[in-house]
Student: 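Okay, here's the structure, questions in a sec.
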Amino acid sequence: MIDMVGIGPFVTLPLVMGFMGPNFLLAWLVGAALAAVDGLIWSELGAAYPEAGGSYRFLKLAYGEHKWGRYMSFLYVWQTLIQSPLVLASGAIGFAQYFGYLVPMTEWWQPKAVAGTVVLLLVVLLYRRIEDIGKLGVALWVGVLGLMGWLIFGGLTHPNHHVDIFPVGGFSALPGLLISAAMGQAAVKTIYSYLGYYNVCHLGAEIVNPQRVIPRSIFLSILGIAALYLLLNWSVGTVIPWQEVQGWQASAGDKSQFIISVFMERLYGPAAAQAATALVLLVAFASLFAVLLGYSRIPYAAAADGEFLPIFGKLHPTKNFPYVSLLLLGGVGFVFSLLFRLGEVISAILAMRILVQFVGQAVGLMLLRRRRGTASLPFKMPLYPLPVVLAIIVWLFVFVGIAPVEVTWAGMHFKVYFQLAALGMMALGTGAFLLWSRSLGRWPYQSKSVQPYEE
């Protein structure tokens, strides 16, 4: 739940209001529904194969450990080299937005300087031996609950505007809203805020009774965070109406970038707003600390396992941490934090993840069921294969619906499609995999006479 919150809901809340207007709560319900459907896939895989690595291990098992599974797990780690710096950049940009409430920034480069500094500071702090971040996690979760509770209480006790829980226009308008372009863009933002419900699967080998704990953890996290997000959005919407938020977004000084600060200022005054902003910044920074720490270990673990480029398997000679992976991910995250805006980074994150991790994993589950059967599964999703098919369709719908971004460079104007960028990264990853496999003499270049047994 700590990983799911971070800076996400505080920066995506006004973006969703801007897209959906009076129906902004519906987008958060759609994000929760997709997380729940996809959570069934993670629960079945996590309970059946409780091993370290999460998607890296699931993809390898599903597609065959010596052939296509090597390729799919390689692609997953490869896209982590871009996807994780994007996550880092999104948090740093969100940090800079809220920092702008405490220290007004009028020049275009000032928010970028703050975001870049945050990334560099994280790298410096992590460039050392890390023994235990358990206390940090507990402190972060206490801070998150305290902040969310304060915000929700404020809205519940000071409502000034009506907020529609159900779709405006009644349920007859629901089908049109669900397939609208606005919902597609809003859903990208809410899904981003829910990501992380599956992180328990990365710790499967360290969990007692994972067959029961992993599914429960996934669904309790989704339900708990969905309730917090809905209450948070309802509370803010009753104090700051969506019409006002859209008006801010159309003006030069967009106050929606730090909407939580404005919300607290209206309720309790400037001192409380500054305290709440400081809490948001603390939560964002601590969450990014944990994110970079965790993601920097993925390429290292795959390289140490002999399944990724060996340079990422290098440890610091005296401090014993994967410094190459840390420096590369932090460096790319620094560049992204300077180049992109928040909405663009969020769209890029999902574009990079959907095909390999989410769709690839859903297809992989069906392959595993077909090959190994279901008799030994400790958790079986209800109504199979409907949830898997539904998850694949919705993920592809979200992927196709990610809007392009207008870019001006060297006097030229053009659009960047994140879908093409994701496919391009997959193509580059495929080339890297083939070159690497050829240098090792492994599949698909290994001679047929010495091919290992494949299920």
Side-chain angles (χ1 to χ4, degrees), residues 2-16 18-19 27-28 31 35 79-100 111-123 126 140 144 185-199 225 229 254 256-260 280-296 298 328-354 357-358 398-399 402-405 416 418 421-422 425:
I2 295 170
D3 290 337
M4 292 169 73
V5 178
I7 192 70
F10 307 123
V11 295
T12 55
L13 188 158
L15 297 176
V16 175
F19 285 120
W28 292 95
Q79 59 98 29
T80 297
L81 300 181
I82 296 297
Q83 181 262 131
S84 54
L86 286 169
V87 174
L88 188 62
S90 69
I93 295 168
F95 183 100
Q97 288 185 4
Y98 274 88
F99 190 77
K112 295 182 181 295
V114 172
T117 301
V118 167
V119 176
L120 293 178
L121 182 57
L122 287 167
V123 174
L126 285 169
L140 174 59
V144 168
Q185 292 305 301
V188 168
K189 308 306 184 265
T190 60
I191 292 166
Y192 161 80
S193 298
Y194 282 107
L195 293 180
Y197 52 86
Y198 42 75
N199 281 350
I225 290 297
Y229 284 175
D254 183 6
S256 72
Q257 295 185 25
F258 37 77
I259 191 172
I260 298 302
V280 171
L281 296 177
L282 175 65
V283 167
F285 189 84
S287 177
L288 287 176
F289 182 91
V291 162
L292 183 55
L293 174 69
Y295 273 126
S296 65
I298 292 177
L328 178 69
L329 298 187
V332 177
F334 172 76
V335 173
F336 286 165
S337 70
L338 301 181
L339 292 180
F340 299 118
R341 293 173 294 185
L342 182 66
E344 299 165 359
V345 173
I346 292 174
S347 297
I349 289 169
L350 278 178
M352 292 294 169
R353 282 188 175 187
I354 286 175
Q357 186 174 23
F358 295 119
V398 172
F399 181 76
I402 295 174
V405 59
V416 173
F418 294 108
M425 279 301 299

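The residues of the chain are indexed from 1 along the displayed sequence. Keep in mind that what you see is a predicted model, and the values were worked out from it rather than measured.
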Student: Testing the 3.5 Å rule here: is there a donor-acceptor pair between the side chains of Y295 and Q83?
Tutor: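 Yes, a side-chain donor-acceptor pair sits under 3.5 Å.
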
Student: If you take all heavy atoms of R341 and I93, which pair is closest and at what distance?
Tutor: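 Heavy-atom minimum between the residues: C-CD1, 4.2 Å.
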
Student: Using atom types as modelled and distance alone, determine if a side-chain donor or acceptor of Y229 lies under 3.5 Å from a backbone N or O of Y194.
Tutor: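 Absent.
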
Student: For the atom pair CG (D254) and CD (Q97), what is the distance rounded to the nearest 0.5 Å?
Tutor: 8.0 Å

Student: Rounded to the nearest 0.5 Å, how far does OG of S337 lie from CG of L120?
Tutor: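 If I round to the nearest 0.5 Å, the distance is 7.5 Å.
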
Student: With side chains defined as the heavy atoms from C-beta onward, is the minimum distance between I260 and Y98 less than 4.5 Å?
Tutor: yes

Student: Rounded to the nearest 0.5 Å, what's the gap from OG on S193 to CD1 on I346? Could you check?
Tutor: 6.5 Å

Student: For V87, does its backbone N or O pair with a side-chain atom of S90 as donor and acceptor, under 3.5 Å?
Tutor: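 Side chain of S90 to backbone of V87, a donor-acceptor pair under 3.5 Å: yes, one is there.
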
Student: Hey, does Q79 have a side-chain heavy atom less than 4.5 Å from the side chain of M425?
Tutor: no

Student: How are the rings of F99 and F95 set relative to one another: parallel (under 30°), tilted (30 to 60°) or perpendicular (over 60°)?
Tutor: parallel

Student: Search all heavy atoms of V188 against all heavy atoms of L350 and return the closest pair with its distance.
Tutor: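 Minimum heavy-atom contact is O-CD1, 3.3 Å.
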
Student: If I compare all heavy atoms of L329 with all of T80, which pair ends up nearest, and what's the gap?
Tutor: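 Shortest heavy-atom contact: CD2-O, 4.1 Å.
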
Student: Quick check: do F285 and L121 have side-chain heavy atoms less than 4.5 Å from each other?
Tutor: yes

Student: Within the structure provided, determine whether T12 and T190 are in side-chain contact (heavy-atom separation under 4.5 Å).
Tutor: no

Student: Under a 4.5 Å cut-off applied to non-hydrogen side-chain atoms, are L195 and M4 in contact?
Tutor: no

Student: Please determine whether side chain to side chain contact (heavy atoms under 4.5 Å, CB included) holds for the pair I225 and V5, giving the CA-CA distance in whole Å, both sets of side-chain angles, and the decisive distance to 0.1 Å.
Tutor: CA-CA 8 Å; I225 290 297; V5 178; 3.5 Å; yes

Student: Evaluate the criterion ring-ring contact (aromatic ring centres under 6.0 Å, His included) for residue pair F399 and F418; output intermediate values, then yes/no.
Tutor: CA-CA 9 Å; F399 181 76; F418 294 108; over 10 Å; no

Student: So which heavy atom on P85 is nearest to which on V332, and how close?
Tutor: CB-CG1, 3.7 Å

Student: Looking at side-chain heavy atoms only, is the closest gap between I7 and V283 below 4.5 Å?
Tutor: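 No, every pair of side-chain atoms sits at 4.5 Å or beyond.
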
Student: Distance from L15 atom CG to S256 atom OG, nearest 0.5 Å?
Tutor: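 OG of S256 is found 7.0 Å from CG of L15.
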
Student: Mind listing the closest non-hydrogen atom pair of L288 and G91 along with its distance?
Tutor: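 What the structure gives for the nearest pair is CD1-C, 3.5 Å.
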
Student: Taking the side chain from K112 and the backbone from L338, do they hold a donor-acceptor pair closer than 3.5 Å?
Tutor: yes

Student: Taking all non-hydrogen atoms of both residues into account, name the closest pair between Y192 and G8 and its distance.
Tutor: CE2-CA, 3.9 Å

Student: Less than 4.5 Å apart, side chain to side chain, heavy atoms only: is that true for I82 and F336?
Tutor: yes

